Structures are given as C-alpha cells and as structure tokens.
Amino acid sequence: MKKAIYPGSFDPVTLGHLDIIERSAKLVDHLIVGVLNNKAKTPLFSVDERVNMLKEVTKHIPNVEVLSFSGLLVEFAKEHEVNAIIRGLRAVTDFEYELAMSQTNKVAAPSIDTVFLNTSLEYAYLSSSIVKEMAMYNGDISKFVPEYVIDKVNEKYNASNN
Ligand code: ADP
C-alpha cells in the first residue's frame, strides 16, 4: 500500500492546496494531510479549526485522512509508515527552501522521498497569506478558498473588527 503525507500549515486551506490534495490522492492508496501545530507561530485558525476545515473540504475524497502533528515532520512520517512526502511548488521562490528541506528530510529518513507537484497555473499566485490579506481588507476571497472556508475566514476578521 502506497502512503504519502502532504504537510502544511493550511491557515487556511486554499484552492491551491485542495488541487494538490486531489491530484496526489490519485497517485497513492492513502494520503494523510498533516496539519502542523507550530507553537512558534500564531495562526489565524487553531489547529482544530484547520483540521476541521480540511476534513470538510476533502470529504469527497475517500482515501484522504486529515491529522495534526507537532514536532518533526519526518518523525510523524515514520510513525505513519509513509513512502513519500508531498509538497507543492509554485515558483522558483519556493524552490530553494523546499530543496534544502527535502534533502534534510532525506538524511533524517532515507526511506522516505519527497515528491513535488507543480502548482496548477490558475493557483500559481495563491497562498494562505494572500487570502488573509485580502480578507483583512474585506476583499472577495471566493475565488481563492473552498466555499465552506469563505465564511470561516470572514468571520475571523469581522469578529476582530467589532
Ligand atoms: P507551509 O507553512 O508548510 O509552507 P502551507 O500551508 O503554506 O505550508 O503550504 C503547504 C504546501 O502546499 C507547501 O508545499 C506549499 O508549497 C504548497 N502550496 C501552497 N499554496 C499552493 C498553491 N497555490 N499551489 C500549489 N501548492 C501550494
């Protein structure tokens, strides 16, 4: 059974992330979406909120499981006996960091390879940060995030404006 993990912050999940999830779920038998609980960052959404949003927007894909993790990705990957780590590449700006990360992970866990999926052109510019910036200034984010996520993001900013 081929198993992979797609890790990230997903704060919040965007259509770019969902595209990578849908495409990588076709390449493996089981895909774990790993939501990083990073204590060093203050995310807009708690890890439980991010996990719940991802579960909701991936419920149409039967071989996807959404889990949170903290600490080292390779440890989480080893625990779940995955064969591969999936990462999305948008532009050359992603490349240098992603390459260093994948090489580090390969040293730490030689049996696990990192597989890069290129972004679909329509989402090449899209990031969670851009979505948050748009929402902060009341911009329309409906072309950037799954429908279920639109209100969740807007609620955060409306609540903080009150
Ligand atoms: P991280 O904090 O680990 O970079 P993100 O949640 O920002 O987490 O992204 C998770 C993964 O998804 C990364 O590999 C990132 O390059 C990829 N990704 C993010 N946005 C897109 C997009 N629009 N198209 C393709 N891949 C993307």
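All of these numbers come straight from a predicted model, not from anything done at the bench. Atoms within each ligand, like the ligands themselves, are counted from 1 in listed order. The chain is numbered in sequence order, starting from 1.
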Just let me know how [X] lines up against ligand 1, side chain, backbone, both or neither, with a heavy-atom cut-off below 4.0 Å.
{"X": "Tyr125", "answer": "neither"}
{"X": "Leu126", "answer": "both"}
{"X": "Ser127", "answer": "neither"}

>> Is Ile20 close enough to touch ligand 1? Criterion: a residue heavy atom under 4.0 Å from a ligand atom.
In response: yes
>> Looking at ligand 1, would Pro7 count as a contact under a 4.0 Å heavy-atom criterion?
In response: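 For ligand 1, residue contact (heavy atoms, under 4.0 Å) with Pro7 is present.
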> Can you check whether Gly16's main-chain N or O pairs, donor with acceptor, with Thr14's side chain at less than 3.5 Å?
Replying inline: yes
>> When you measure from the side chain of Asn63 to the backbone of Val28, do you find a donor-acceptor pair of N or O atoms at a distance under 3.5 Å?
In response: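 Confirmed, Asn63 side chain pairs with Val28 backbone.
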>> As a check for students: among Arg90, Met101, Glu122, Glu98, identify the option with a heavy atom nearest to atom 27 (C) of ligand 1.
In response: Arg90
> Given Ser9, Gly88, Gly34, which has its nearest heavy atom closest to atom 14 (O) of ligand 1?
Replying inline: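 Nearest heavy atom to atom 14 (O) of ligand 1 lies in Gly88.
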Examine [X] against ligand 1 and note whether any of their N/O atoms are separated by less than 3.5 Å.
{"X": "Thr14", "answer": "no"}
{"X": "Asp11", "answer": "no"}
{"X": "Ser128", "answer": "no"}

Protein heavy atom at shortest distance from [atom]:
{"atom": "atom 7 (O) of ligand 1", "result": "His17 NE2, 4.1 Å"}
{"atom": "atom 4 (O) of ligand 1", "result": "Arg87 NH2, 3.5 Å"}
{"atom": "atom 12 (O) of ligand 1", "result": "Tyr6 OH, 2.6 Å"}
{"atom": "atom 24 (N) of ligand 1", "result": "Thr119 OG1, 3.0 Å"}

>> Does either side chain, that of Arg87 or that of Asn105, offer a donor lying less than 3.5 Å from an acceptor on the other one?
In response: no
> Is it the case that Asp19 and Ser120 place a side-chain donor and acceptor less than 3.5 Å from each other?
Replying inline: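 Result is yes, a qualifying pair exists.
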[atom1] of [X]: more than 12 outside heavy atoms within 6.0 angstrom?
{"X": "Lys59", "atom1": "NZ", "result": "no"}
{"X": "Glu122", "atom1": "CD", "result": "yes"}
{"X": "Phe95", "atom1": "CZ", "result": "no"}

>> Please give me the minimum heavy-atom distance between Leu15 and Pro146, naming the atom from each residue.
In response: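 Closest approach of Leu15 to Pro146, heavy atoms only: CD2-N, 3.7 Å.
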>> Within the 4.0 Å heavy-atom shell around Tyr123, which atoms of ligand 1 are there?
In response: 22 (C), 23 (N)
>> Only heavy atoms of Phe10, strictly under 4.0 Å: list the atoms of ligand 1 that pass.
In response: 6 (O)
>> Under the criterion side-chain hydrogen bond (donor to acceptor under 3.5 Å, both in side chains), I'd like the reasoning laid out for Asp140 against Ser142: C-alpha separation, chi angles, the key distance, then a yes or no.
In response: CA-CA 6 Å; Asp140 177 9; Ser142 60; 2.7 Å; yes
> Should the pair Phe76 and Phe69 be assigned to parallel (<30°), tilted (30 to 60°) or perpendicular (>60°) ring geometry?
Replying inline: parallel
